[in-house]
Student: 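Can you read through this structure? Questions will come right after.
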Amino acid sequence: MLMTKYHPDTRFITDYAAGSLPFSQALCVSAHLHYCDDCRHKVEQLSSLGSFMFDELEAQQNDADAMEQSFNELMSRIDDLPEARFVAKSQAANDNRTQRLPSALHKLTRGDLDSLQWHSIGKYFSYSDLDIGDKARETSLFSIKAGGNVPRHRHKGDEITVVLKGSFSDQDDHYQAGDFIVRTRGEMHTPVAAQDEDCLCLSTLDAPIQMTNWFYRLLMPFIKASAQSSRV
Amino acid sequence: MLRAMAISDKDKQASPKHWNDLVLAVARKRDRQAFQALFAHFAPLVKAYAYKVSDLAQADSLAEELMQETMVKVWLKAHTYNPQKSAASTWIFTIARNTRIDLLRKNAKQWESNNEDFDENALSAEDIWADQQDNDVLESVSEEHEQERILEMINKLPEDQITIVKTIFLEGLSHTEASEQLGLPLGTVKSRVRLALQKLKLTIDV
Ligand SMILES: [Zn+2]
C-alpha cells in the first residue's frame, strides 16, 4: 500500500474534526485522508468526542406547542421536497480509492484534470488555480513533469502541500502520494519530481494581500497573486 | 406529540443504540414517529450548537435555520447512515457541523457582495468533511459505555484544558482563533489540546 510519511499534526486534525479549519486547509486535510487510514480513524474518534460534547449542551428546548409547530413546519417543508433530493447512496461510496483523486478534487475537476485552466511556467511546471471561496488563501493544483524541478523559491507565507500522484524530492526528503507537507514562511526549497512519473500536488498558501504586487510575482511567478484581475 | 415529548424527558438515559435504531427506522420506512423522536432530542441540541458560535448577532438568525437544515438532511440522508461506522449522534453532529460551516460561509459571502449568486457547483462542507469516515470497523470510542467514560474524564480535566477543548469543538474556533480570543500563545493552545487528548486516551499518537 501507500507509504504516507507526513501527516497533519494534532492541531490540523483537531481543527478539521471540529469543523473550524479554514476551508482551503480543510480541503488539504481531506485530500490526505483519502490516502491515510490512520488519520481517518483519528478524525472519526475526534468527531465522536465532538458529538459527546454536543450531546451535553444545554438543549434549547421550547415548550411542547412550539416544538410541535416547529416539527410540523419541518415536515411540510420535507413533503414539498422533490424526490430527487434524496441523496444517492453511491455518492457516499468511495470505491477505487487508489485510482481516483480525493472526492472533493474529483468534483472540482469533474473527474478530468484537463477541464481546468492550466498555466505553464517553463518546461516542467504548470499550475491551475482553484476557486473554492476562501479569499484568505491561494489554493491550486500544480504539476511537475517527470524529472523536472520547480524554481528555487522562498516561502512568503505558510504553505501546505499534499502530493496527489507521483512523487517529488527536495533537500530534506522524498514525498509520495498522500504526504501532507507544511512549509513555513522563509523556508527555501527546490522540489524535483521523480524521473519516472509526473507529480501532481494540491497546495494552499496563506496569501496576505500586501504580497500580491508585481515585484513579488516576478520573483515567484508560479505562486500567483490572489488579486489577478481575471478572478475579480 | 406527547409520545415524543415523553421520550425526550427520559432520553438522557437513552443508549447510543436507541438513536441508531431510530435513524435506521427513518431509513427503512420513512418512519415519522421515529423521526419525531429524533427531532425532540436533537433539534434543541442543534439550536444550542448554533448559539455556541462566537458571533452572537449571527447566532440568533442561525439557530432556526441550522436546526431546520440539519433535520432535513437527517431525513434525506438517513439511508446513507451506516451504524458500523459511527454512532447516530456522531453522524447527526457531523451533519450539524457541516451545515453550520456552510451557513457561516454563505453569510460571509453575502456580506462581501450582495449580488453574488451561490454557485451550485461550488464545493460545500460535505465535499470536504465526510458525514462518516470510510473506516471498516467501528472504533471503541463509539461503543455503549465509551461515551460515559469519556464524559467522566472530560470533567476531570483541568479547567484550562476543558475551556480550550470546548472552544474548539463547540464554538467553531480554530487553534489560531482560540489563541487570539483567549489571549494565549498558539503554542499554549496546542499543548493544552494535546494534553487533554492524551488524558482522554483518544488518539495513540498525538
Ligand atoms: Zn495521516
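Every chain is numbered from 1 and lettered A, B, ... according to where its sequence line falls, protein lines coming before strand lines. Only a predicted model underlies this, so the values are computations on that prediction, with no experimental measurement involved. Scope of the values below: all heavy atoms of this structure, side chains included, with no hydrogens, waters or symmetry mates.
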Student: Here's a test for you: under ring pair (Phe, Tyr, Trp, His ring centres under 6.0 Å), which of B/Trp91, B/Phe169, B/Phe93 qualifies with A/Phe54?
Tutor: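 Per the ring pair (Phe, Tyr, Trp, His ring centres under 6.0 Å) rule, the option paired with A/Phe54 is B/Phe93, out of B/Trp91, B/Phe169, B/Phe93.
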
Student: Set out, in order, the CA-CA distance, both residues' side-chain angles and the distance that settles side chain to side chain contact (heavy atoms under 4.5 Å, CB included) for B/Gln36 and A/Met75, then state yes or no.
Tutor: CA-CA 10 Å; B/Gln36 189 160 9; A/Met75 289 321 291; over 6 Å; no

Student: Among B/Leu186, B/Leu151, B/Asp131, who wins on heavy-atom pairs under 4.5 Å with chain A?
Tutor: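 Winner by heavy-atom pair count: B/Leu151.
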
Student: To the nearest 0.5 Å, tell me how far B/Ile164 CD1 sits from A/Thr14 OG1.
Tutor: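 Reported to 0.5 Å precision, the distance equals 11.5 Å.
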
Student: So which of B/Glu177, B/Arg97, B/His175, B/Met67 has the largest heavy-atom pair count under 4.5 angstrom toward chain A?
Tutor: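 The answer is B/His175.
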
Student: Given that the side chain runs from C-beta out, which part of A/Phe12 has a heavy atom under 4.5 Å from chain B: side chain, backbone, both or neither?
Tutor: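 Nothing of A/Phe12, per the 4.5 Å heavy-atom cut-off to chain B.
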
Student: Give, for atom CD1 of A/Ile78 and atom CZ of B/Phe35, the distance between the pair rounded to the nearest 0.5 Å.
Tutor: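 Reported to 0.5 Å precision, the distance equals 4.0 Å.
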
Student: Select, from B/Lys190, B/Lys47, B/Gln68, B/Arg100, the one with the greatest count of heavy-atom pairs under 4.5 Å involving chain A.
Tutor: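 Maximum pair count with chain A is reached by B/Gln68.
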
Student: Of the backbone (N, CA, C, O) and the side chain (C-beta and beyond), which part of B/Ile101 lies under 4.5 Å from a heavy atom of chain A, both, or neither?
Tutor: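 Only the side chain of B/Ile101 comes within 4.5 Å of chain A.
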
Student: Please look at B/Arg32 and chain A and tell me whether the side chain, the backbone, both or neither of the residue comes under 4.5 angstrom of a heavy atom of that chain.
Tutor: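 For B/Arg32, backbone and side chain are both near chain A.
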
Student: I'd like to know if B/Arg194 and A/Asp9 make a salt bridge, using a cut-off of under 4.0 Å between side-chain N and carboxylate O.
Tutor: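 Looking at B/Arg194 and A/Asp9, the cut-off is not met.
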
Student: Of the backbone (N, CA, C, O) and the side chain (C-beta and beyond), which part of B/Ala130 lies under 4.5 Å from a heavy atom of chain A, both, or neither?
Tutor: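 Backbone of B/Ala130 only, per the 4.5 Å heavy-atom cut-off to chain A.
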
Student: Which heavy atom of B/Ile168 sits nearest a heavy atom of A/Ala18, and at what distance?
Tutor: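 What the structure gives for the nearest pair is O-CB, 3.3 Å.
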
Student: Tell me which of these, B/Ser174, B/Ser89, B/Ala96, has more heavy-atom pairs under 4.5 Å with chain A than the rest.
Tutor: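 It is B/Ser174.
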
Student: Restricting to non-hydrogen atoms, name the atom on A/Lys107 and the atom on B/Ala122 that form the minimum distance, rounded to 0.1 Å.
Tutor: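 Looking at all heavy atoms of both residues, the shortest contact is NZ-O, 3.6 Å.
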
Student: I need the minimum non-hydrogen distance between B/Pro44 and A/Met67, along with the two atoms involved.
Tutor: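 Looking at all heavy atoms of both residues, the shortest contact is CG-CE, 4.1 Å.
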
Student: Tell me the closest heavy-atom pair linking B/Leu173 and A/Asp15, and the distance in Å.
Tutor: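 Scanning both residues, the minimum pair turns out to be O-OD1, 4.4 Å.
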
Student: With a 4.5 Å heavy-atom cut-off, do B/Lys166 and A/Met53 have their side chains touching?
Tutor: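 B/Lys166 reaches A/Met53 side chain to side chain.
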
Student: Below 4.5 Å from any heavy atom of chain A, which atoms of B/Val189 appear? Answer side chain, backbone, both or neither.
Tutor: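 For B/Val189, no heavy atom lies under 4.5 Å from chain A.
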
Student: Can a salt bridge be assigned to the pair A/Glu58 and B/Lys52 using a cut-off of 4.0 Å between side-chain N and carboxylate O?
Tutor: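 Judged by the 4.0 Å cut-off on N to carboxylate O distance, A/Glu58 and B/Lys52 do not form a salt bridge.
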
Student: So do B/His41 and A/Asp55 actually touch side chain to side chain, heavy atoms under 4.5 Å?
Tutor: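 Sidechains of B/His41 and A/Asp55: in contact.
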
Student: Evaluate the ring planes of A/Phe23 and B/Trp129, with Trp represented by its six-membered ring, and classify them as parallel (under 30°), tilted (30 to 60°) or perpendicular (over 60°).
Tutor: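 It falls in the tilted class, 30° to 60°.
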
Student: Rounded to the nearest 0.5 Å, what separation is found between the CZ atom of A/Arg77 and the CE atom of B/Met71?
Tutor: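 Reported to 0.5 Å precision, the distance equals 12.0 Å.
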
